Amino acid sequence: MMIDFVPLSMTATVGISMGIIFYGGLYVTVTQGLNSPRPALWFSVSFLLRMCFVLLALYFINDGHWQTIVAFLTGFLVTGAIFQLLKGMQTQVASASLKSVPIKSISVRKQ
């Protein structure tokens with residue numbers, strides 16, 4: 001049994017693309033949903049759309065072999081890990097920039 005790596009690499013690329021769409025949609029949902037007057041609607045609709053999109057892609061990509069599913073999920077999970085790393089770096093940059101801002105003391109005058 002020989003494994004053909006070209007279809008598996010293409011499937012992993014589709015997994016990466018689906019991960020970008022899924023986790024990018026999650027990022028947009030969190031940033032917009034928390035500022036919305038109806039955050040439950042944002043989160044529930046976004047979850048349903050993102051899950052349906054990824055499951056449909058997995059359905060059409062699957063050719064009945066377990067290697068295809070593993071390649072898809074590997075690309076998908078690697079993208080999630082990259083998003084986590086980027087979010088961690090963004091948080092570190094934000095906290096470092098806040099530390100460098102001098103805080104002026106506030107004086108209170110009594111009248």
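Every value quoted in this text rests on a predicted model; they were computed, and no experiment measured them.
Cluster annotation: Leu86 is not connected to Val30 through the hydrophobic network of ILVMFWY side chains, with a link wherever side-chain heavy atoms come within less than 4.5 Å. Criterion: ILVMFWY side-chain heavy atoms under 4.5 Å apart, direct or through other members. Under it, Ile61 and Leu77 are part of a common hydrophobic cluster. Hydrophobic clustering keeps Met10 apart from Phe5 (ILVMFWY residues linked when any side-chain heavy atoms are closer than 4.5 Å, directly or through intermediates). Grouping the Ile, Leu, Val, Met, Phe, Trp and Tyr side chains by contacts below 4.5 angstrom, directly or via other members, places Phe53 with Ile69. There is a path of hydrophobic side-chain contacts, each under 4.5 Å, that joins Phe83 to Met51.
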Side-chain donor-acceptor distances from residues 20-28 under 3.5 Å, at least two apart:
none

Side chains of residues 36-43: which donor-acceptor pairs under 3.5 Å do they make with residues two or more places apart or in other chains?
unit_1 : atom_1 : unit_2 : atom_2 : d
Ser36  : OG     : Arg38  : N      : 3.1
Ser36  : OG     : Trp42  : NE1    : 3.3

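Here Arg50 contributes atom CZ and Leu48 contributes atom CG; the two are 9.5 Å apart, rounded to the nearest 0.5 Å. Within the model, atoms CG of Asn62 and CZ of Phe60 stand 11.5 Å from one another, a figure rounded to the nearest 0.5 Å.
When every heavy atom of Leu8 is checked against every heavy atom of Ala71, the shortest pair comes out as O-CB, 3.6 Å. Here the closest heavy-atom approach between residue Thr29 and residue Ser46 is recorded as OG1-OG, 2.5 Å. The nearest pair of heavy atoms linking Thr68 to Asp63 is OG1-OD1, 2.8 Å.
Residues Ile16 and Val78 are not in side-chain contact: their nearest non-hydrogen atoms beyond the backbone lie 4.5 Å or more apart.
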